Number of protein chains: 2
Amino acid sequence: MKLKELKNRLNEKEKGCDFSLHRVSRFIQPSILLFLSKGPSYGYELIEKLKDLGFHEESIDIGAVYRTLRKLEKEGFVKSLWKTSGARRKRVYQITPHGKTLLRAWVKRIKERKLALESFIDFYQGGKL
Amino acid sequence: MKLKELKNRLNEKEKGCDFSLHRVSRFIQPSILLFLSKGPSYGYELIEKLKDLGFHEESIDIGAVYRTLRKLEKEGFVKSLWKTSGARRKRVYQITPHGKTLLRAWVKRIKERKLALESFIDFYQGGKL
DNA sequence: AGACATATATGATTAAAACATATTATTAAA
DNA sequence: TTTAATAATATGTTTTAATCATATATGTCT
């Protein structure tokens, strides 16, 4: 219950401050594909990995992670199997060849976006376009 | 009419291709603030400047630019005046101190985001988190 | 006259994000 | 030993944003 309260407190702050900026949600799909390209994983673990990528806990929408996984599967970019052998049952996902192609497209765009952000910062700091 | 057809054609393609990725729209607000921090400007000119920032014509939603301007004004980040002296009337915008503060916040977040994109790319290319 | 560029704006639909909550099982600690 | 916390997956609702389309007016060029 402590965490949820903290989360709510943080959200209030952001509402008071009028600008919301990019949320992490948009980054969930490519991140999941990236992680799965390194090996099979499952929802809960992927959330942990997102934190490693530098997203703080409060900015990750857990529900969005699971929804994204199901959507990716529906579209053939990943596939899943229930794993019931361990202590807990978990739905383990694997990336498909189709998914790898999608990831490559993401990487291309992310590189472009990185350049755009760089030129934004340069321009802010007095550079020219 | 030619441009509109081209635009529609491109949109069809993106629909067929299932992933939509980040749209430019989210970048409109900070870009406008950035441009206005360099001096007064108006909608149509800001759209031209967006193209200079590296966005291709088809990905800019003209309507969104004007809507963003009105919203920014409503919230006190910019202010506008009709300029009727030239050949055409135009609504010229200026950034406010409040707007400059918002821009600084954007820059901070954009720097963070840039780092996130870099670590994404590194990791894709075999790096560690 | 007709096409194209300049200039601003809004209406409607669709998609996504944000927020909240539900459920079940397991382990740790009071 | 029952409470609290963590592991694990999932969905319902509401709010916000994006997409697409269209309206309008004036000026310039051929």
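Predicted model only: the values in this text are computed from it and were never measured. Quick note on labels: first sequence line is chain A, next is B, and so on, each numbered from 1.
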Provide, to the nearest angstrom, the distance between the CD atom belonging to B/E58 and the C1' atom belonging to D/dC20. 15 Å

Per the under-4.0 Å heavy-atom filter, residues of residues 33-40 of chain B near DNA chain D come out as none

Measuring only between side-chain heavy atoms, which start at C-beta, is A/V65 closer than 4.5 Å to A/Y44? no

Rounded distance in Å - NZ (B/K71) to C1' (D/dT16): 9 Å

Is there a side-chain contact between A/Y44 and the phosphate of D/dT9, meaning an N or O under 4.0 Å from OP1 or OP2? no

So what does A/R70 touch, heavy atoms closer than 4.0 Å: a base, only the sugar-phosphate, or nothing? sugar-phosphate

Excluding sequence neighbours, so at least two apart, what forms side-chain hydrogen bond (donor to acceptor under 3.5 Å, both in side chains) with B/S80? B/E73, B/R91

Hydrophobic clustering (ILVMFWY, side-chain heavy atoms < 4.5 Å, transitive) - are A/L115 and B/I121 grouped together? no

Encode nucleotides 24-30 of chain D as B, S and - characters from 5' to 3', where the letter depends on protein heavy atoms closer than 4.0 Å: B to the base, S only to sugar-phosphate, - to neither. --BB---

Looking at B/F123, does the NZ or CZ of A/K38 lie under 6.0 angstrom from its six-membered ring centre and within 45 degrees of the ring axis? yes

For A/E45, enumerate each residue passing the side-chain hydrogen bond (donor to acceptor under 3.5 Å, both in side chains) test, keeping only those at least two apart in sequence or located in another chain. A/S41

From CD1 of B/I60 over to C1' of D/dA17, roughly how many Å is that when rounded to an integer? 18 Å

Nearest whole angstrom, please: distance from the P of C/dA16 to the CD1 of A/I28. 13 Å

With a 4.5 Å limit on heavy-atom distance, are the side chains of B/E75 and B/L102 in contact? no

Using atom NZ of A/K90 as one end and atom P of D/dT6 as the other, report the distance to the nearest whole Å. 17 Å

Can I get a per-line list of side-chain donor-acceptor pairs under 3.5 Å for residues 81-88 of chain A, giving both atom names and the distance, sequence neighbours left out?
none

Report yes if at least one side-chain N or O of B/R67 is closer than 4.0 Å to OP1 or OP2 of D/dA18; otherwise report no. no

Can you measure B/I62 atom CD1 to C/dA7 atom P for me and round it to whole angstrom units? 13 Å

Non-neighbouring partners of B/E48 that pass side-chain hydrogen bond (donor to acceptor under 3.5 Å, both in side chains), sequence neighbours left out: B/K51

Report yes if some heavy atom in the side chain of B/F27 is under 4.5 Å from a heavy atom in the side chain of A/F120; otherwise report no. yes

Compare side-chain N and O positions of B/R91 against OP1 and OP2 of C/dA7 and report whether any pair is under 4.0 Å apart. no

Within this structure, what is the CD1-to-P distance between B/I47 and C/dA9, rounded to whole angstrom? 11 Å

Using whole Å, what does the distance between atom C1' of nucleotide C/dA16 and atom CZ of A/R26 come to? 7 Å

Report the residue (B/G63 or B/Y42) whose heavy-atom-nearest nucleotide on DNA chain C is the more 5′ of the two. B/Y42

Closer than 4.0 Å, any side-chain N/O of B/Y66 to the OP1 or OP2 of C/dT10? no

